[in-house]
Structure formats: C-alpha cells, structure tokens
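For reference, the structure is listed below as structure tokens.
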2 protein chains.
Amino acid sequence: MIQTPYLLFLGDAPDNLAAKVAQGIRDWNPDAAVGQFRMEGCKADVGLPDMTLEEASAAGAGTLVIGVANRGGVISDAWKEVLVAAIEAGFDIASGLHTLLRNENALQSAARVHGQTLHDVRIPTVAYPIATGVKRTGKRCLAIGTDCSVGKMYTGLAMDAEMQKRGMKSTFRPTGQTGILITGRGVPLDAVIADFMAGSVEYLTPDNDPDHWDHIEGQGSLFHVSYSGVTLALIHGGQPDALVLAHEPTRTHMRGLPDYPIPKLEDLRDMALPLARIANPRAQVIGVSVNTKALDDAEAEACLREIEDRMGLPAVDPYRHGAGRLVDALEAI
Amino acid sequence: MIQTPYLLFLGDAPDNLAAKVAQGIRDWNPDAAVGQFRMEGCKADVGLPDMTLEEASAAGAGTLVIGVANRGGVISDAWKEVLVAAIEAGFDIASGLHTLLRNENALQSAARVHGQTLHDVRIPTVAYPIATGVKRTGKRCLAIGTDCSVGKMYTGLAMDAEMQKRGMKSTFRPTGQTGILITGRGVPLDAVIADFMAGSVEYLTPDNDPDHWDHIEGQGSLFHVSYSGVTLALIHGGQPDALVLAHEPTRTHMRGLPDYPIPKLEDLRDMALPLARIANPRAQVIGVSVNTKALDDAEAEACLREIEDRMGLPAVDPYRHGAGRLVDALEAI
C-alpha cells in the first residue's frame with residue numbers, strides 16, 4: 001500500500017509520451033496527485049500545478065511517484081539529487097522502473113537515515129499462496145486481448161469508473177506497474193514466480209459482496225507466445241464471470257513477433273471461453289473493447305458497427321465513447 | 001551443469017517412497033550414480049552398492065545428491081553432519097529440497113572454505129530471456145496431462161530411452177527438480193519469473209539437427225487452475241511438433257482441487273491442439289500415455305484398448321509396456 005496523495009515526478013521527460021505513467025494517474029485517479037514536479041528542460045505537462053517539494057509536502061503529499069519512463073533504464077545523477085532531497089523532505093518514493101530504487105546506494109541510505117520507504121512496484125513484496133481454485137463470492141470481470149497492449153488496462157479502469165459513477169460496487173484490481181501506481185496497490189504479475197501466479201490473482205481478488213465487481217487488469221494474450229502463460233494464470237486465478245474481448249484493429253502482427261498473425265475476435269472468444277469455464281462454468285463474453293485511436297471518427301464508427309454485427313456483442317471504444325454499454329452488459333448478467 | 005557421477009544420499013529415509021528422487025536417477029540414468037549412502041536406520045534401498053564418502057570419492061563421484069524427500073522440509077542436524085563431511089571430502093552437493101542448501105550456514109561456510117559448489121536445483125541460476133517465438137530447427141515432443149502427476153516425466157524419459165536404444169537422436173529436457181537431478185541439467189520452470197517462463201523453455205530446447213527430438217518434461221495441466229499458466233508457457237515456449245496426452249484413469253478429481261473434475265482425454269486434445277498450433281501449426285497429438293499403476297494386468301489392458309479405440313491413437317503405459325509404440329508414432333511424422 002503506497003501512501004497517497006502523490007507528487008508526480010516528471011523529471012526531464014522529453015515529451016508527454018515519456019510521462020505516460022503520470023498521465024495515467026492524472027486520468028484515472030485524479031484525487032491521488034496534488035501536483036507535478038518538473039526539472040529544468042522538462043517538456044511534459046500532465047496539467048497539474050507545478051510544485052516544489054516543500055509546497056507538495058504542505059499540500060499533504062506523502063509519496064513522490066516517478067511518473068516518467070527514463071531512457072535506457074538508468075536513474076541519472078540529476079534525478080538522484082531530486083529523489084534524495086525528496087527523501088530528506090519526508091517523502092516515500094515509488095517507482096515502476098526496471099532499475100530498482102533499492103539498488104541505488106544513495107537512495108537506499110537516504111531512506112534508511114530518514115525512515116522513508118522505497119516502493120519498487122516492479123517486484124512483489126508478498127509471498128503469494130498457491131491457487132486453491134475455491135469459488136469466491138462477488139463478481140469478476142477480465143479483459144483479454146487479441147494481442148498485448150491493446151487497451152486492456154484502460155478497459156478495466158473505464159468500466160470501474162463508470163460503475164463508481166452509477167453508484168455500483170466496483171474495484172479496479174491492477175496486475176501491472178502502471179495500474180499499481182494509479183491505485184497504490186496490486187500485484188506485479190509479470191514478476192511473480194511461476195507456481196504462484198494464479199494464487200497471486202486469487203489473493204488480489206478475494207471474497208466480496210455478491211453485487212461487487214472486481215475489474216481485473218488483463219496481461220498479455222493467449223495468442224502471444226511470450227506471455228500466454230501469464231494470461232492463463234489470470235483467467236484461472238481470476239475466475240472471471242465476465243470476459244471482455246480487447247482488440248486493436250490496425251495491428252498487422254503480434255507485438256514483437258513478426259511471424260505471428262493477429263487472431264480473429266472469434267478465435268479469441270472460442271479459445272478463451274472453454275479455458276475460463278474450467279475455473280468458472282458461468283463465465284461468458286459480454287462485449288468487445290476496441291482501441292480505435294489510430295482511426296478517425298467515421299472509421300472508428302464503421303469498425304465498431306462491423307464488429308458488433310459480426311460478434312453479436314456490444315463493441316465500444318471505452319476511452320473514446322465511454323464504457324457505459326459494457327457496464328450495461330454486466331448489469332444484465 | 002552438475003558434476004557426475006553422483007553418490008546418492010538416502011539419509012534416514014523411512015521407506016523406498018521417500019527415496020523417489022534417488023530411485024528416479026537409478027532407473028533413468030544408471031551410469032550417473034556410483035553408489036548409495038545410507039545413514040543408520042535408513043529403510044530405503046535403490047539397489048546400488050553402499051559406499052562411504054571415501055569409497056565413492058575413489059570410484060570417481062564428484063557430487064553428493066540428496067535423493068530423499070525429508071519430513072517437513074527441514075535439513076536435520078544428523079543430515080548436516082554428513083553433508084559437511086562430504087563437502088570436506090571434496091564433494092559438491094545437489095538438492096531439490098524446498099529448504100535451500102545455501103540458507104544453511106554450516107553448509108554455506110564449509111562450501112566456501114573447501115571451494116565446493118552447492119546446487120539448489122529448485123532455484124534458477126540463469127537469467128532467461130523473454131521468448132521470441134522464432135521457429136527453431138529440430139523436433140520436439142511434449143506430454144500434456146489431464147491432471148498433474150500423471151506420468152508426464154516418465155513418458156518423456158521412456159520415449160528418450162527408447163530412441164537412444166534405436167540409435168535415434170534424442171535428448172530428455174527436464175523442467176522439474178527430479179528431472180534436473182536425473183540428467184544434471186534443465187530448467188526449474190515452476191520457480192521461473194512469470195515473464196520469462198516461455199523464454200526459459202526456448203532456452204532449454206535450442207536449434208538442433210532436423211532429425212533430433214527433444215523430449216520436454218511436462219508440468220501441471222491446462223485443466224489444473226493452480227498451474228495451468230506454467231503448462232501453457234511450456235506449450236508455447238516448446239513449440240512441440242508432437243503432443244502425447246498423459247492420463248491416470250483412477251483419479252476422481254484434480255490433484256488438490258476436490259471441486260474440479262478430471263477432463264476427458266477428448267477435451268484435453270481439443271483444448272491443447274489449437275493452443276499448440278499458435279506456436280507450431282504442424283503440432284499433432286500422436287498418442288496417449290496411461291499410468292496404469294493402480295490397475296492389474298487385465299484391467300490395464302482393457303483400459304488401454306478402450307482408450308485406443310475411442311481416441312484412434314496408440315495408448316500405452318510406457319512404464320509397464322515400454323514406449324515403443326509412441327516412438328513408432330513419432331517416426332511416422
């Protein structure tokens with residue numbers, strides 16, 4: 001559990017894309033951040049007030065979150081100076097970078113001296129159990145993709161936000177670094193030991209009220225040979241009642257695998273459903289989430305209509321048009 | 001790579017079952033062990049000459065292998081005395097126990113002083129890559145089970161042994177602790193970090209001669225929700241050309257999961273084949289390996305005949321009747 005609210009560290013980000021993590025926090029958990037900290041030359045701006053460490057501290061911030069992906073995975077000396085100053089000013093530090101905070105001597109010793117915590121959210125801190133497969137109370141929804149990076153996290157976040165708006169009981173359950181930094185908790189599934197993957201997902205989504213929905217962040221794809229095992233552990237540990245198919249219609253091959261074609265949505269449905277029903281015989285596919293970012297308005301609408309007609313399921317881009325129809329489909333279960 | 005030949009440590013094993021690992025080495029790689037070391041009160045016997053540390057050393061043994069599963073996962077003081085003496089006598093120690101050798105101060109410091117190696121084969125020592133999915137040369141066979149612990153390792157070992165006997169090119173590729181101790185190498189897949197599972201299997205089964213077969217040791221089951229992700233990583237990292245369905249006909253529910261029924265062999269075939277063809281479009285199911293240990297001769301024969309007729313595939317118990325017909329089926333590919 002990471003202390004909120006945050007001060008978002010944008011460092012010397014060369015553009016907004018580099019500050020994707022900070023932008024995700026700003027978009028999906030705006031109450032969690034009081035301001036942004038930008039170094040000289042920073043070209044990113046997530047639209048929060050610029051603050052010094054002192055100002056952020058006065059505004060109640062307890063954690064400085066590294067909201068920027070750095071070049072080459074190195075924490076530069078210029079960054080380190082700011083991070084050490086933040087620790088000295090009473091901040092914890094949280095990071096999803098490959099380079100671990102704990103491996104930086106300057107940060108490690110400053111944290112020890114000042115009694116602050118370094119959160120490397122890339123690494124699990126819990127000894128997860130082996131999955132028991134026991135049926136849990138409450139309901140669960142999982143987005144599964146035709147490929148990696150097609151919008152599964154945004155789908156879950158958008159459905160959760162829509163449910164909150166409607167006053168329904170709902171929790172977003174992160175399984176990746178960005179999601180963990182957005183909510184302050186979760187399981188870094190890609191770093192969990194093989195035998196405990198499904199157990200970590202059970203741990204993440206415990207018994208709950210019968211009308212409560214967990215929106216479990218999806219990872220990888222059953223069709224992506226590098227990560228498919230992680231995806232199946234999510235399906236079997238998560239016991240989803242509802243599956244949302246996630247798709248990016250302009251992708252020409254699986255991400256990073258030039259020889260692997262993108263599966264059809266029908267193939268994804270037919271592969272995933274029998275697997276999901278092993279853990280939850282009531283599992284059903286309730287809709288399609290399409291990432292239409294690369295399409296103009298008319299193309300996006302045509303694409304969604306075609307998929308909706310073909311699949312007989314609501315097809316929406318939750319980022320572009322909201323997740324209302326996906327939540328309607330959940331309510332209908 | 002663990003130094004052979006071994007001296008097999010049976011400790012104070014209360015019965016032969018407790019010495020399963022030693023028995024596996026004795027059964028499947030007899031040249032790898034020069035003798036057994038038994039403490040007072042040991043009730044196990046794998047049929048090798050009893051040797052002192054000095055005798056085993058003189059016979060060329062370089063590693064003492066813990067061939068016995070201990071009670072409660074603890075390395076007792078009585079064991080430790082023998083293990084330290086072995087290190088002092090110039091042996092490396094290899095173990096697949098949950099309790100790690102390296103966490104025992106007495107062993108750790110003796111090994112440091114005498115320049116010997118402690119092999120905890122439960123833990124990976126390699127930084128495995130992320131899987132690339134690139135098609136590799138050579139052929140691969142993988143046993144997949146209706147459940148865990150139905151004889152997948154024995155199937156692979158028996159097929160490899162039969163191929164060796166026929167002068168065919170073949171290697172057994174262990175993915176579990178016992179298999180690693182049998183051959184002295186392999187990948188402890190259940191302890192690999194999620195993102196690198198499939199990559200570790202690619203690493204284990206590299207490019208090879210076009211007529212060479214890797215027999216990859218199977219793990220878990222697609223239908224076992226605790227470990228299914230590990231199984232799918234094996235299927236996608238292994239790119240098997242040939243799948244063998246492994247089954248134990250008297251099992252009433254999935255191992256450790258009382259609410260989960262055992263799938264039919266047909267369901268296993270229909271689930272596994274489309275998944276396998278993502279990584280290798282030429283994948284096919286070539287036979288069924290049935291663990292008939294719990295059946296008498298007549299029952300076993302009836303069971304095999306029924307499965308063979310139903311599935312239209314050779315059905316054999318490789319431990320009881322040899323793996324000849326499974327290897328025939330591979331040759332026919």
Side-chain angles (χ1 to χ4, degrees), chain A residues 122-124 129-135 175-176 187-202 219-239 253-254 256-261 263 267 270-272 274-281, chain B residues 122-124 129-135 175 187-202 219-239 253-261 263 267 270-272 274-281:
Chain A
R122 192 160 285 277
I123 304 296
I130 285 179
T132 65
V134 173
K135 177 73 185 149
T175 61
V187 167
L189 186 58
D190 61 7
V192 171
I193 300 283
D195 252 5
F196 304 99
M197 292 187 298
S200 75
V201 181
E202 292 189 347
Q219 294 293 339
S221 164
L222 288 172
F223 287 80
H224 196 296
V225 295
S226 309
Y227 309 116
S228 53
V230 181
T231 309
L232 186 52
L234 262 172
I235 293 173
H236 281 170
Q239 307 180 341
H253 61 74
M254 298 296 282
L257 307 176
D259 297 336
Y260 288 75
D267 294 336
D270 295 345
M271 194 74 94
L275 285 167
R277 286 182 174 159
I278 293 170
N280 184 346
Chain B
R122 192 160 286 277
I123 303 295
I130 285 179
T132 65
V134 173
K135 177 72 187 149
T175 60
V187 166
L189 186 58
D190 61 8
V192 172
I193 300 282
D195 252 5
F196 305 98
M197 292 187 299
S200 75
V201 181
E202 291 189 348
Q219 294 294 338
S221 165
L222 288 172
F223 288 80
H224 196 295
V225 295
S226 309
Y227 309 115
S228 53
V230 181
T231 309
L232 186 52
L234 262 171
I235 293 174
H236 281 169
Q239 307 180 341
H253 60 74
M254 298 296 282
R255 191 176 160 93
L257 307 176
D259 297 336
Y260 287 75
D267 295 335
D270 295 344
M271 193 73 93
L275 285 168
R277 286 183 174 158
I278 292 170
N280 185 347

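A, B, ... follow the sequence lines: proteins, then strands. Residue 1 opens every chain.
In this structure, the portion of A/Leu189 lying under 4.5 Å from any heavy atom of chain B is its backbone and not its side chain. In this structure, the portion of A/Gln239 lying under 4.5 Å from any heavy atom of chain B is its side chain and not its backbone. For a residue to count as touching a neighbouring chain, one of its non-hydrogen atoms must lie under 4.5 Å from one of that chain's; by this rule A/Ile278 touches chain B with backbone and side chain alike. If you measure heavy-atom distances from B/Tyr227 to chain A, the contacts under 4.5 Å come from the side chain alone. Of the two parts of A/Ser228, the backbone and the side chain both hold a non-hydrogen atom closer than 4.5 Å to a non-hydrogen atom of chain B.
Between chain B and the residues A/Thr132, A/Leu257, A/Asp190, the most heavy-atom pairs under 4.5 angstrom are made by A/Asp190. Interface check for chain A: of the options B/Met197, B/His236, B/His224, the most heavy-atom pairs under 4.5 Å are formed by B/His236. For chain A, the option among B/Leu222, B/Leu234, B/Asp270, B/Asp259 with the highest count of heavy-atom pairs below 4.5 Å is B/Leu222. Heavy-atom pairs under 4.5 Å with chain A were tallied for B/Gly237, B/Ala198, B/Ser226; the largest tally goes to B/Ser226.
Between B/Ile193 and A/Ile193 there is a side-chain heavy-atom pair separated by less than 4.5 Å.
Each of B/Val230, B/Leu232, B/Thr231 was checked for a side chain to side chain contact (heavy atoms under 4.5 Å, CB included) with A/Leu232, and the lone residue meeting it is B/Leu232.
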